Amino acid sequence: MALKKKPVKGMKDILPAEMQLRDYVTGLIKETYKSFGFSPIETPCVEHIENLCSKQGGDNEKLIFKIMKRGEKLNVENASSEADLTDSGLRYDLTVPLSRFYSNNGNDLPSPFKALQIGSVWRADQPQRGRFRQFVQCDIDILGEASCLAEIELILATTTLLGKLNFSDFKVRINERRILKAMAVYSGFTEEQFDLVFIILDKMDKIGWDGVKKELLEAGFAEDQVDRYVALFTEMEEKEDALSYLEETLSGVLEDGVIENLRTIKESVEATRACEFKLAFDPTLVRGMSYYTGTIFEIEMEQFGSSVAGGGRYDRMIGRFTGKDVPACGFSIGFERIITILMEQGFAIPGAAVKKAFLVEKKMPQEKLCEVLKAAKEEREKGSQVLVTLMNKNKKFQKEQLSKEGYTEFQEFFNR
């Protein structure tokens, strides 16, 4: 049987032209985030199955690539469930591994600790444009900082990076999980009902308020609860200052300081941002991860039609490992989506070295070949990228192929 030449569904081969762009963007990410004081770390791609299935990853926990036990630990005959067969899995994000990392190494790290992670993650998802089963995530997190300085720094660092990639027409949406919960309590929903209410609310941009109301009623919620809940949002849309409206309406329900905290984040970012973008409070922003405890945010780009970055505060996750909660907040860029947009735009890497190809006639004497190699060495010392390769019979096709890889100058060397 012939071997399969295509990659596994949801995974892809990366050709040189894209790889050059990925390397450039990765380097720019590291350079930008390091300038904000973030330190690169690395965690294993394989994580304990208990950590991955800790009910903190939302729907991602349904998409885990699980790894079977090995050697003597694997006892298929006596296994009564899947749990008897697996003990680890490929990580579906970088946040859970980071929390384990900090719990294990916190004594050797500064406080607060600003972490930068870039690495592959795996989800058994349905592939689509910009979404794969293996893909790169890029996260920055601040651990040990309880104030909103963490959110401000994360938003500034991420938007600064996007500005360096020539993005400007994007929107940063920001909300607060405590506001979401206070609005639900005000409307008469119980804490046990929050998840279902938020799942339906998260569809608002697709189904509208009539659709949200319809689905809430179909879920069995009382009409007076639903009417009061939807009215909060629709009335807020008519107010010039939505935060002030919520502060007054949710008085006694919403925790003190939440609105002031959001105002500080918004005003500080707008006053010190490095590029132009829109920063807007969006009370319908939910984000699916159940581990979020406070501020949440997303970045949307019109050319992609969905979010390209997201994150928020997750102050209780590390406590699951240590028994003691640690303030934590993070922002993740959709690396693959950014690369997809840049490829479609024909993004040119600024300051890239000139790529030259030296085409050498076959059976060239060693003396003349050494002359070519010396000439290539001199060009490289000047900063050029030089490929020395044998000349094909079809030089035109060879040059066309090399041009696709970014080679702009060609020099031919003959044995005469």
Side-chain angles (χ1 to χ4, degrees), residues 54-63 123 125-126 128 131 171-256 258-259 261-262 266 279-300 305-307 309-317:
S54 57
K55 295 183 179 179
Q56 299 181 101
D59 288 341
N60 290 331
E61 295 191 8
K62 302 174 184 177
L63 306 175
R123 296 177 189 173
D125 207 346
Q126 288 300 319
Q128 54 185 285
R131 175 174 290 182
K171 180 179 181 180
V172 180
R173 301 161 60 209
I174 187 170
N175 196 12
E176 243 279 2
R177 294 285 287 197
R178 289 175 291 182
I179 289 178
L180 284 170
K181 293 178 180 179
M183 293 176 76
V185 170
Y186 172 85
S187 303
F189 299 114
T190 65
E191 188 171 351
E192 293 75 21
Q193 298 171 330
F194 286 174
D195 286 345
L196 179 55
V197 172
F198 296 160
I199 288 172
I200 295 172
L201 174 64
D202 199 30
K203 302 177 185 179
M204 199 286 296
D205 59 336
K206 297 182 179 66
I207 63 177
W209 286 119
D210 289 340
V212 169
K213 183 174 179 179
K214 180 181 177 183
E215 289 204 16
L216 287 171
L217 291 172
E218 290 175 349
F221 295 117
E223 188 170 356
D224 61 328
Q225 291 177 308
V226 174
D227 287 342
R228 194 176 195 196
Y229 188 60
V230 172
L232 270 176
F233 293 93
T234 54
E235 290 175 11
M236 198 186 321
E237 291 175 351
E238 301 173 358
K239 304 297 181 181
E240 185 174 339
D241 187 347
L243 290 177
S244 294
Y245 167 77
L246 286 176
E247 189 172 33
E248 180 180 347
T249 305
L250 301 179
S251 178
V253 180
L254 179 62
E255 184 180 323
D256 291 340
V258 172
I259 298 296
N261 196 63
L262 269 185
K266 190 172 184 297
L279 177 61
F281 168 61
D282 184 351
T284 67
L285 178 63
V286 175
R287 294 204 51 80
M289 298 300 191
S290 59
Y291 53 63
Y292 289 123
T293 59
T295 317
I296 50 177
F297 26 73
E298 282 188 356
I299 295 180
E300 289 184 348
S306 67
S307 67
R313 182 167 285 278
Y314 54 100
D315 288 345
R316 299 193 185 98
M317 183 181 286

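Being a predicted model, the structure only gives us computed values, none of them experimental.
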Is there a side-chain contact between Val212 and Phe233 (heavy atoms, below 4.5 Å)? no
Could you walk me through whether Asn261 and Thr295 pass the side-chain contact (heavy atoms from CB on, under 4.5 Å) test, one step at a time? CA-CA 9 Å; Asn261 196 63; Thr295 317; 4.0 Å; yes
Would you say that more than 12 heavy atoms from the other residues, nucleotides or ligands in this model lie under 6.0 Å from the CG of Asp210, or not? no
Which of these, Tyr186, Phe221, Phe189, Trp209, sits in a ring-ring contact (aromatic ring centres under 6.0 Å, His included) with Tyr229? Phe189
Which residue pairs satisfy the salt bridge (Lys or Arg N to Asp or Glu O under 4.0 Å) criterion with at least one member in residues 227-247, sequence neighbours excluded? Lys213-Asp227, Glu247-Arg263
When every non-hydrogen atom of Ala182 is compared with those of Val253, the smallest separation belongs to O-CG1, 3.5 Å
Give, for atom CG of Asp125 and atom CG of Leu63, the distance between the pair rounded to the nearest 0.5 Å. 5.0 Å
Greater than 12 external heavy atoms within 6.0 Å of Glu218's CD: yes
Roughly how far apart are Leu232 CG and Met183 CE, rounded to 0.5 Å? 4.5 Å
In terms of heavy-atom contacts, does CG of Asp205 have more than 12 from other residues, nucleotides or ligands at under 6.0 Å? yes
Tell me whether Thr234 contacts the main-chain N or O of Ala231 through its side chain, where contact means a donor paired with an acceptor under 3.5 Å. yes
pair Phe297-Asn175: side-chain heavy atoms closer than 4.5 Å: no
When rounded to the nearest 0.5 Å, the distance separating CG of Leu285 from CG of Leu201 is 9.0 Å
Take Lys266 and Ile174 through the side-chain contact (heavy atoms from CB on, under 4.5 Å) test and state the conclusion after the steps. CA-CA 9 Å; Lys266 190 172 184 297; Ile174 187 170; 5.6 Å; no
Any salt bridge between Glu300 and Lys171, counting N to O under 4.0 Å? no
Enter the distance from Arg313:CZ to Arg177:CZ here, rounded to the nearest 0.5 Å. 14.5 Å
Glu298 to Ser307 - nearest heavy-atom pair and separation: OE1-CB, 3.7 Å
Rounded to the nearest 0.5 Å, how far apart are CD of Glu215 and CG of Leu196? 9.0 Å
Ile179 versus Ile259: any side-chain heavy-atom pair under 4.5 Å? yes
Identified side chain to side chain contact (heavy atoms under 4.5 Å, CB included) partner of Phe281 from the options Met236, Glu176, Arg173: Met236
Less than 4.5 Å apart, any side-chain heavy atom of Tyr292 and any of Leu180? no
